[in-house]
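Because the structure is predicted, anything quoted here is derived from the model rather than measured. Numbering starts at 1 and runs along the sequence shown.
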Amino acid sequence: MTDVVMPQMGESIVEGTLTKWLKKPGEHVERDEPLFEISTDKVDTEIPSPAAGTLREVLVEEGKTVGINTVVARIEDGAGNGAAPAAKPAAVTSAAPPPSAPAPQAPPPAPIPAAAPVAAAPEPAEPAGPLSPLVRKMARENNIDLSRVKGTGAGGRITRQDVEAYLAAGQAPAAAPARPAPVQAPPASPGYVPPAPASPAKVRVEPMSTMRQKIAEHMVLSKRTSAHVTTIHRVDMTKVAKVRDRQKADFQARYGISLTYLPFVVRAAVEALRTYPIVNASIEGTNILYHNDINIGIAVALENGLIVPVIRNADERNVLGLQRSIVDLASRARSRQLKPDEVQGGTFSITNFGSFGSLVGTPIINQPQVAIMGVGAVTKEPVVIDDAIAIRSMCYLSLTFDHRLIDGALADQFTAKAKSVLESWSEEVL
């Protein structure tokens, strides 16, 4: 038998969510063939089988979050003995009574909580490990005292599954008397009337995917952490458009990839970051961390969310090198082939919502960075030049910055520098 474990997908990652099994028990799997998919705080990816053989046992079901090195399945290398799988369910069945043993003991403690809150109130035990915003929200909405919830995550961390199990056990009401929930009611708007619940026939309930939950947590965290402000500049992309139109056919023929506007914008952002290095910094407490490397994160839209792979040392690449990196990272992101270190270490991010036709956007900062640039669609517009109307290729660059560190004047100077590089473009691509 070969144990299949939850891999460590990066130094800072201590757990992962098994999102999908690609093989079923009893099916044959080859070595290095994709066996299951996982989702972590940093990346979604497929995990290959460590050995060839028959998948005999699946120990962790889909949607479960477990710590690294946890055994999630077992693969039988040789010809399997059919009796072994049969013995396992028997063991599981015989193991069932012990979990039910604590259940009869639940009724006796039930009367005690009526008097217990008085004694329990002075000692609010702090749950082990950090709590995700989702866990805190569930605890708040269900009046759960998290000190009563046993964490099964890495280091005793309380996970979403732990809270759901606690609710399913019917223990949440015991925590309700300890929370002064009625005191919080008055701050609500006096004129607010809760809407009537919709008919079940008109509502489809679908749980969030693990990636969507992570995105939601990160977006809310970013808004709570940084003071978001956005400045928008209109940029004349005519010179860039002419270079691109003139060379995109040869570029496609030589390298087999399309030449887009994005690598030009990345080059312009790099020049602006060199001029204003504070935009390439991050905040740690009351300290400013100035990063020597310029690592540009490029937002990539996926079917069920988005991810931000990183172009490392972007200042050392020309337009060709940047375009190759963008295409490579985007294609591997969509096929779940990214490595954990390829979505970490970014110092500045760019999101190209113009590829979907959007003109202007106000993106959210990718923590712990202090700025993100948004690129709108390049469109031809009538523009007044020297008191005459001309048709020019125009786009809007938006810079969302953390006002804790970057002031509006500096943000405008940074964006104006990127604009100047694009409007005066003279570099040939080929």
Any sub-3.5 Å donor-acceptor pair from Q213's side-chain atoms to M208's backbone N or O? yes
Closest heavy-atom contact between P309 and V343? CA-CG1, 3.9 Å
Using side-chain heavy atoms (C-beta onward) and a distance below 4.5 Å, is L167 in contact with I144? yes
Strictly below 4.0 Å, N to O, side chains only: are E37 and K20 in salt-bridge contact? no
Got a sec, which residues hit side-chain contact (heavy atoms from CB on, under 4.5 Å) with R317, two or more places apart in sequence or on another chain? I311, L322, S325
Among residues at least two apart in sequence or on other chains, which ones pass ring-ring contact (aromatic ring centres under 6.0 Å, His included) with Y276? none
What are the two closest heavy atoms between L399 and A371, and how far apart are they? CD1-CB, 4.2 Å
Contacts satisfying salt bridge (Lys or Arg N to Asp or Glu O under 4.0 Å) that involve residues 300-316 (not counting sequence neighbours) are none
With distance as the sole test, does N295 use its side chain to make a donor-acceptor pair with the main-chain N or O of G345 at under 3.5 Å? yes
Are side-chain heavy atoms of R334 and L302 found at a separation under 4.5 Å? yes
Straight-line distance of S49 OG to E33 CD, nearest 0.5 Å: 7.5 Å
Might you work through the side chain to side chain contact (heavy atoms under 4.5 Å, CB included) test for L329 and V300, ending with a clear yes or no? CA-CA 9 Å; L329 290 172; V300 176; 5.7 Å; no
In Å, rounded to the nearest 0.5 Å, how long is the span from CD1 of I364 to NE2 of H228? 5.5 Å
The reported gap from OG1 in T225 to NE2 in H218 (rounded to nearest 0.5 angstrom) is 11.0 Å
Working note: F401 + L410, criterion side chain to side chain contact (heavy atoms under 4.5 Å, CB included); need CA distance, chi angles, decisive distance, verdict. CA-CA 10 Å; F401 57 95; L410 189 143; over 6 Å; no
Would you say that I365 contacts V370 through its side chain, given a criterion of any heavy-atom pair below 4.5 Å between the two side chains? no
Partner set under side-chain contact (heavy atoms from CB on, under 4.5 Å) for I288, not counting sequence neighbours: A281, Y290, L405
Apply side-chain contact (heavy atoms from CB on, under 4.5 Å) to V327 and list each qualifying residue two or more places apart in sequence or on a separate chain. I257, Q323
Nearest heavy atoms of W425 and K239, plus distance in Å: O-CD, 3.8 Å
Heavy-atom closest contact (W21 atom, V72 atom, distance): CZ2-O, 3.6 Å
Would R244 pass as a cation-pi partner of Y261, given that its NZ or CZ must be under 6.0 Å from the six-membered ring centre and within 45 degrees of the axis? yes
Looking only at side-chain N and O atoms, does T230 offer a donor or acceptor that is under 3.5 Å from a partner on T400? yes
List for me each residue that meets salt bridge (Lys or Arg N to Asp or Glu O under 4.0 Å) alongside K64, sequence neighbours excluded, and say none if there are none. none
Do V319 and L259 pass the side chain to side chain contact (heavy atoms under 4.5 Å, CB included) test, and can you show the C-alpha distance, the side-chain angles, and the key distance before you say yes or no? CA-CA 9 Å; V319 171; L259 178 60; 4.0 Å; yes
Applying salt bridge (Lys or Arg N to Asp or Glu O under 4.0 Å), which residue pairs with at least one partner in residues 377-389 are found, sequence neighbours left out? R234-E381
Using the rule given for side chain to side chain contact (heavy atoms under 4.5 Å, CB included), can you reason through V266 versus I298, listing the C-alpha separation, both sets of side-chain angles and the distance that settles it, and then say yes or no? CA-CA 9 Å; V266 175; I298 304 295; 4.0 Å; yes
Hits for ring-ring contact (aromatic ring centres under 6.0 Å, His included) against Y396, two or more places apart or cross-chain, chain-then-number order -> none
Taking K223's backbone N and O only, do any of them form a donor-acceptor pair with S226's side chain (distance below 3.5 Å, no angle check)? no
Would you mind reporting whether L55 and I75 have side-chain heavy atoms less than 4.5 Å apart? yes
For Q367 and S222, the nearest pair of non-hydrogen atoms, with its separation, is NE2-OG, 3.1 Å
Under a plain distance cut-off of 3.5 Å, with no hydrogens placed, do D293 and T347 share a side-chain donor-acceptor pair? no
Euclidean distance, I296 CD1 relative to R267 CZ, rounded to 0.5 Å: 11.5 Å
Does H291 have any ring-ring contact (aromatic ring centres under 6.0 Å, His included) partners at least two apart in sequence or in another chain, and if so, which? none
Please list all pairs passing the salt bridge (Lys or Arg N to Asp or Glu O under 4.0 Å) test where one or both residues lie in residues 388-415, with sequence neighbours left out. D236-R392, D402-R404
Give, for atom CD1 of I278 and atom CD1 of I406, the distance between the pair rounded to the nearest 0.5 Å. 6.5 Å
Decide yes or no for I294 and F348: does some side-chain heavy atom of the first lie under 4.5 Å from some side-chain heavy atom of the second? no
Would you compute the distance between atom OG of S282 and atom CD of Q369 and round it to the nearest 0.5 angstrom? 8.5 Å
Minimum side-chain heavy-atom gap F414-L273 below 4.5 Å: yes
Nearest atoms (heavy-atom pairs only) where P382 meets I389: CB-CG2, 3.9 Å
With R212 via salt bridge (Lys or Arg N to Asp or Glu O under 4.0 Å) - residues at least two apart: none
Taking A416's backbone N and O only, do any of them form a donor-acceptor pair with S420's side chain (distance below 3.5 Å, no angle check)? no
Test item: V240 and V378 side chains (from C-beta on) under 4.5 Å apart, heavy atoms: no
Taking C-beta and beyond as the side chain, do E342 and R332 meet within less than 4.5 Å on heavy atoms? yes
How would you list, by chain and number, every residue that makes a side-chain contact (heavy atoms from CB on, under 4.5 Å) with E428, sequence neighbours excluded? R246, Q247
Residues T54 and E76: side-chain donor-acceptor under 3.5 angstrom: no
